[in-house]
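Comments concern the structure below.
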2 protein chains.
Amino acid sequence: MTGRLVKVEQRILAKNDEVAARLRRRFTDAGVFAVSLASSPGAGKTTLLEATLRRLTPGFRAGVVVGDLATDNDARRLAVGAGPVYQVNTGTVCHLEAAMVEAAVADWDLNALDFLFIENVGNLVCPAAFDLGEAARVVLFAVTEGEDKPAKYPPILQTADLVLLTKYDLAGVTGFSEAAFRRALGQVRPGLPVLAVSARTGVGLDGWVGWLRAGLDRVRSRAR
Amino acid sequence: MTGRLVKVEQRILAKNDEVAARLRRRFTDAGVFAVSLASSPGAGKTTLLEATLRRLTPGFRAGVVVGDLATDNDARRLAVGAGPVYQVNTGTVCHLEAAMVEAAVADWDLNALDFLFIENVGNLVCPAAFDLGEAARVVLFAVTEGEDKPAKYPPILQTADLVLLTKYDLAGVTGFSEAAFRRALGQVRPGLPVLAVSARTGVGLDGWVGWLRAGLDRVRSRAR
């Protein structure tokens, strides 16, 4: 890349980090556990979120910001919970930015929410560099994508707090080796926790919801 | 985006188009059918290419340029054909650019090749804007990604010449509706040809290899 492009990128990222820090303070002050989800297209972010919202309702209230180049398909699918849903259409932009999230939640009463889910554009590369003000970043890999994806897309894992291994019900039929996957992941981010889940069969969802509730407890113990 | 960023992007794309035009002339003059493949991570580009190279050998000679953020896993897998293989590691860059392809093939005798396959970084967004000098652009969607992906990632389809619907052997177990997929695709690019393939079972590979041979015949009829 040219020196000029690197400078422009650095300025964009610095501006993004400012907005993200402001958002993070707002989420923490409101006692909201903000979680972002990133993955390839079709790894099952929306399907997992649908199942998650169903499990969290009616005990908890969750807002959702979802990014796609085009369509409001996901926002319509995610209107199953007790909270607001906002669809961001990015056009040709390959990731969400903090300013998009800030605009999306501008009119929301964050104090009325327990969770905020931020579903990124389906992309394992570009979302890596953009802080969205989330308290935790979750990266999904579907068993159908093969075992070596962690080795081939390291940057997104550098800032991840949890990996979800999705479509786990298809591990058998696709011949997926969980050991090989965990080995590849361990070489990029040793010790990063992994939960195997299937939104279709419900396998692993108790553990995932438990992880979310523990995160909420942590935020609440810190909130004013 | 800021006006300045748009200008920098336009300059990068204009420069890329220049290099791509130069490459395209070289490929055509050498009688090489250059085909690029783009898809989500894990849609099966490399597995399909492995099966393709096996079918083309020994009758045809194919070179492969493959892009990944990291690792040379794919280049090692693709060393099954009769031609050269070059692994591009892009670091954090989310797509291949024409200059990367030009550097990759710099030492190759293009006249000794029939096909050139350019496997892009796994990404359904960023590769859309970058001409690589290919004669045809193939976009892969795996049945495991769901039916609505064409609607959600339209830019990559605007410059596509063929869609491959991969992992077709998993259509039944995943409950994939081919009709819904074709409907979504038809709304973005009506008339774009689709071939359903499975590298595992071999379904559809005859049609795919036939499409490649027809493309080679077209290039040869135009080459000097």
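By convention in this document, chain letters (A, B, ...) are assigned in the order of the sequence lines, proteins followed by strands, and residues within each chain are numbered from 1.
Under a cut-off of 6.0 angstrom, the local environment of OH in A:Tyr168 is sparse, with at most 12 non-hydrogen atoms contributed by other residues, nucleotides or ligands.
One finds the CZ atom of A:Arg200 at 9.0 Å from the NZ atom of A:Lys167 (value rounded to the nearest 0.5 Å). Once rounded to the nearest 0.5 Å, the distance linking CD of B:Glu134 with CD1 of B:Ile118 reads 5.5 Å.
Neither the backbone nor the side chain of A:Ser39 comes within less than 4.5 Å of any heavy atom in chain B. Both the backbone and the side chain of A:Lys152 come within contact range of chain B, with heavy atoms under 4.5 Å apart.
Listed options B:Val173, B:Val125, B:Thr174 were ranked by heavy-atom pairs under 4.5 angstrom with chain A; first place goes to B:Val125. Comparing B:Gly146, B:Cys94, B:Ala129 by how many heavy-atom pairs each has under 4.5 Å with chain A, the most go to B:Cys94.
Side-chain N/O atoms of A:Asp74 and A:Thr46 include a donor and acceptor closer than 3.5 Å.
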